[in-house]
**Q** 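Below is one structure. I have some questions about it.
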2 protein chains.
Amino acid sequence: MNLEDIARRAGVSRSTVSRVINNEPYVNSKTRERVLAIVEAEGFTPNPAARMLVTQRAQVIGVAIPRTLTSVFEATDYFPALLQGVSDGAQERDYATLLWLGHSDQDRDRFYGRILRNRLMDGLIIASATSDLLLNPRLLNTGAIVVTVERPLAYADRVSYVTVDNIKAAEDAVNHLLNLGRRRIGHITGAMDNPDAQDRLAGFQGALQQVGLFNPDLVAEGMFTTQSGYLGMMQILKRGPVDAVFAASDSMAFGALQALREAHLRVPQDVALVGFDDLPHASEATPRLTTIRQPIQQKGYLATRLLLDLIEGKLEGPQQIILPTQLVIRESTGFDVL
Amino acid sequence: MNLEDIARRAGVSRSTVSRVINNEPYVNSKTRERVLAIVEAEGFTPNPAARMLVTQRAQVIGVAIPRTLTSVFEATDYFPALLQGVSDGAQERDYATLLWLGHSDQDRDRFYGRILRNRLMDGLIIASATSDLLLNPRLLNTGAIVVTVERPLAYADRVSYVTVDNIKAAEDAVNHLLNLGRRRIGHITGAMDNPDAQDRLAGFQGALQQVGLFNPDLVAEGMFTTQSGYLGMMQILKRGPVDAVFAASDSMAFGALQALREAHLRVPQDVALVGFDDLPHASEATPRLTTIRQPIQQKGYLATRLLLDLIEGKLEGPQQIILPTQLVIRESTGFDVL
DNA sequence: GGATGATCTGGGAGCGCTCTCAGATTTGCC
DNA sequence: GGCAAATCTGAGAGCGCTCCCAGATCATCC
């Protein structure tokens with residue numbers, strides 16, 4: 001079943017059917033209806049490969065999530081929410097979503113080669129600007145349209161991205177703890193090659209330095225995983241007493257919670273704890289976790305819309321979107337807003 | 001840059017380049033090397049749309065995850081692990097993975113029409129055989145190649161699938177609890193239109209009936225989410241005392257844990273608790289959760305390999321793969337194997 | 001009524017590949 | 001050496017669509 005078949009049944013030409021399918025003007029309304037009826041009846045949809053071949057458009061976007069540092073999905077609930085947003089955004093505009101979860105360089109090369117160069121995808125969402133594994137000159141020079149969901153470490157002037165104000169968010173967390181009277185505040189960072197992690201540390205450090213309370217001994221490097229949160233907390237406890245900790249992700253806060261429990265420190269009485277993300281688990285933990293809520297799913301959704309606007313020429317050049325975050329105060333810092 | 005360009009540079013014909021690219025025999029080894037060198041140098045990869053158009057093959061598989069009952073990714077860590085397996089399996093055989101996370105019927109129709117009929121995908125993994133939203137005669141009659149990762153509710157004789165022996169797994173859980181001396185054992189089911197949930201209930205019921213201890217009052221219907229686990233546990237507690245509970249997923253076990261805590265019941269002293277899945281969180285909870293480990297990622301991986309074998313004609317007709325599960329005993333049933 | 005423009009329709013070319021077929025060259029063997 | 005088979009190569013057709021151009025039809029206005 002192809003255009004020609006429909007045309008024959010409708011007593012018109014291939015071209016006319018094509019015009020109807022693509023909703024172009026200059027088709028007699030009677031003819032249009034007749035063709036549409038047959039298209040409907042036959043359940044006809046144009047062959048995407050043929051269309052792709054001539055238009056050089058695939059109606060497909062890619063989402064790339066590198067898996068170098070951590071096993072993406074075991075580590076955190078962050079990526080699933082993001083994927084949901086991307087999928088919604090793409091579906092809304094009738095694009096399909098191609099998923100790439102790569103680890104090896106070989107995977108990456110295949111991805112570049114087979115998929116990007118040949119326009120199997122019209123554009124790409126990169127879900128972790130961590131390192132230059134994906135976001136590098138080689139990619140950018142292909143002219144590929146790319147949107148990242150973090151502030152890129154490099155090429156920030158050439159790349160479009162959607163992110164949150166991590167610096168301000170971290171400041172909010174610290175100021176909340178300061179307002180509670182906490183003075184020895186620790187921080188478990190995310191993976192430090194990640195821009196989000198860097199910005200959260202910068203915000204943390206800045207806010208404490210402003211009041212002369214920054215102590216580098218109370219900062220431990222994590223990598224966003226629960227496990228690393230546990231280890232980071234242990235490390236901080238070894239270095240000196242703390243009365244509060246800001247973890248750069250909820251997953252790490254859960255790990256920290258475990259470590260504090262094992263050290264027989266009460267949360268929030270002895271140590272107040274703030275996370276980041278507001279994952280579903282955060283409000284279910286014991287104690288329920290104070291955290292910075294960031295609109296993860298919306299980030300994916302808006303990044304996708306931005307990407308499609310760039311693809312379709314509705315927007316130009318690098319665009320940056322900064323979304324707001326929100327401090328959600330729960331039991332782990334001593335207040336229960338419910 | 002296309003076949004013809006490469007051919008010109010190599011002083012051969014389009015056909016010969018095509019043969020080299022596709023690794024076909026009957027090409028002089030000298031010629032092959034020369035062509036290969038130029039392909040390499042130019043970074044040439046054949047246009048997938050053109051190839052797709054003539055071969056009717058896309059080198060793309062789809063993963064469909066319906067989102068009717070629950071918001072897939074917020075509810076459970078199950079799907080991410082599955083996706084990882086699927087992605088690995090596809091990548092290994094040089095296939096791309098198209099992701100479909102649909103909610104509405106309209107989404108579904110678009111999916112059927114645009115994507116399936118026109119072979120934008122060569123085959124499909126259905127990640128929740130729940131209801132007939134996706135797996136229905138309309139789909140099967142298109143001749144689409146489908147593999148599900150649950151035992152299908154209907155058409156089980158026509159569909160290939162990869163699953164675990166949920167009945168036996170549930171029996172294992174119950175027998176473990178019985179061996180610990182527990183006698184009043186409750187169950188929080190998964191979403192009851194899901195075959196996994198049905199089989200787990202069947203196994204639970206069967207094992208208890210065998211020893212004359214089955215009590216329907218102690219069964220509450222959940223839907224795999226943490227929230228529903230919490231509510232299910234509340235409901236069971238209202239109906240009568242229990243000394244053990246088997247939850248059909250870890251997520252629900254976490255919810256149940258919360259409810260038990262609020263009821264001032266100790267786990268495992270007052271109530272022993274068994275989950276299902278062995279998610280990463282299970283071993284991090286307090287107390288660490290006894291659970292049935294099922295190889296989720298491997299399920300996705302094997303389903304994908306099976307799908308590709310079916311697509312490529314290496315295997316025939318409906319194939320079923322049943323993977324083993326494993327009872328992992330931890331603190332929540334009173335033993336700590338570590 | 002005829003020139004002008006807007007509206008509508010069909011045919012041809014071509015996107016970049018694979019596949020079939022036929023022809024050219026080499027090899028094997030009596 | 002000669003004949004058959006195996007090996008190698010190129011040209012042509014065609015996958016199903018879009019896009020361009022040319023021609024046909026219709027309405028508009030002096």
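Scope of the values below: all heavy atoms of this structure, side chains included, with no hydrogens, waters or symmetry mates. Throughout, protein chains are lettered first and strands after them, A, B, ... in sequence-line order, and every chain is numbered starting at 1. Because the structure is predicted, anything quoted here is derived from the model rather than measured.
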**Q** Would you say the side-chain atoms of Arg32(B) pair up with the backbone N or O of Val20(B), donor to acceptor, closer than 3.5 Å?
**A**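 Flag not set: sc Arg32(B) to bb Val20(B) has no pair under 3.5 Å.
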**Q** Would you indicate, yes or no, if dG11(C) has its OP1 or OP2 atom less than 4.0 angstrom from a side-chain nitrogen or oxygen of Ser13(A)?
**A** no
**Q** In whole Å, I'd like the distance from the CZ atom of Arg8(B) to the C1' atom of dG10(D).
**A**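 Roughly 15 Å, once rounded to whole Å.
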**Q** Salt-bridge test for Asp88(B) and Arg93(B): reply yes if a basic N is under 4.0 Å from a carboxylate O, no otherwise.
**A**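 No, no charged N to carboxylate O under 4.0 Å.
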**Q** Let me have a per-nucleotide readout for nucleotides 12-25 of chain C, 5' to 3', with B, S or -, counting only protein heavy atoms under 4.0 Å.
**A** BB-BBBBB------
**Q** Any donor and acceptor pair, going by atom type alone, linking the side chain of Gln59(B) with main-chain N or O of Asp94(B) inside 3.5 Å?
**A** yes
**Q** When you check the side-chain N and O atoms of Asn22(B) and Arg51(B), is any donor under 3.5 Å from an acceptor?
**A**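 Yes, Arg51(B) and Asn22(B) have a side-chain donor paired with an acceptor closer than 3.5 Å.
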**Q** Tell me which one of Val12(A), Val39(A), Thr16(A) satisfies side chain to side chain contact (heavy atoms under 4.5 Å, CB included) with Arg34(A).
**A**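 Single pass found, and it is Val12(A).
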**Q** Let's go through Asn47(A) and Asn2(A) carefully: what are the C-alpha distance in whole Å and the side-chain angles of both, what is the deciding distance for side-chain contact (heavy atoms from CB on, under 4.5 Å) to 0.1 Å, and is it a yes or a no?
**A** CA-CA 8 Å; Asn47(A) 182 310; Asn2(A) 58 26; over 6 Å; no
**Q** Using side-chain contact (heavy atoms from CB on, under 4.5 Å) as the criterion, list what pairs up with Lys30(A), not counting sequence neighbours.
**A** Asn28(A)
**Q** When the C1' atoms of the five terminal pairs at each end define the local axes, what inter-axis angle does the helix from dG1(C)-dC30(D) to dC30(C)-dG1(D) show, to 10 degrees?
**A** 40°
**Q** Please write out each protein N/O paired with an N/O of nucleotides 23-26 of chain D under 3.5 Å, distance rounded to 0.1 Å.
**A**
none

**Q** Would you say the side-chain atoms of Glu316(B) pair up with the backbone N or O of Gly313(B), donor to acceptor, closer than 3.5 Å?
**A** no
**Q** Is the backbone N or O of Ile311(B) less than 3.5 Å from a side-chain atom of Asp122(B), with the two atoms forming a donor-acceptor pair by type?
**A** no
**Q** Just to verify, which of Leu307(A), Leu124(A), Leu83(A) counts as forming a side chain to side chain contact (heavy atoms under 4.5 Å, CB included) with Val63(A)?
**A**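 One option only clears the test, and that one is Leu83(A).
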**Q** Quick check on contacts: within residues 26-41 of chain B, what sits under 4.0 Å from DNA chain C by heavy-atom distance?
**A**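 Those residues: none at all.
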**Q** Looking at Leu101(B), is its backbone amide N or carbonyl O close enough to the side chain of Gln91(A) to form a donor-acceptor pair, meaning the two atoms are under 3.5 Å apart?
**A** yes
**Q** Could you work out, with salt bridge (Lys or Arg N to Asp or Glu O under 4.0 Å) as the rule, every residue matching Glu92(A), not counting sequence neighbours?
**A**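 Expected list: Arg305(A).
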**Q** Can you check whether Glu150(B)'s main-chain N or O pairs, donor with acceptor, with Thr163(B)'s side chain at less than 3.5 Å?
**A**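 No; judged by distance alone, with no hydrogens or angles, the pair does not exist.
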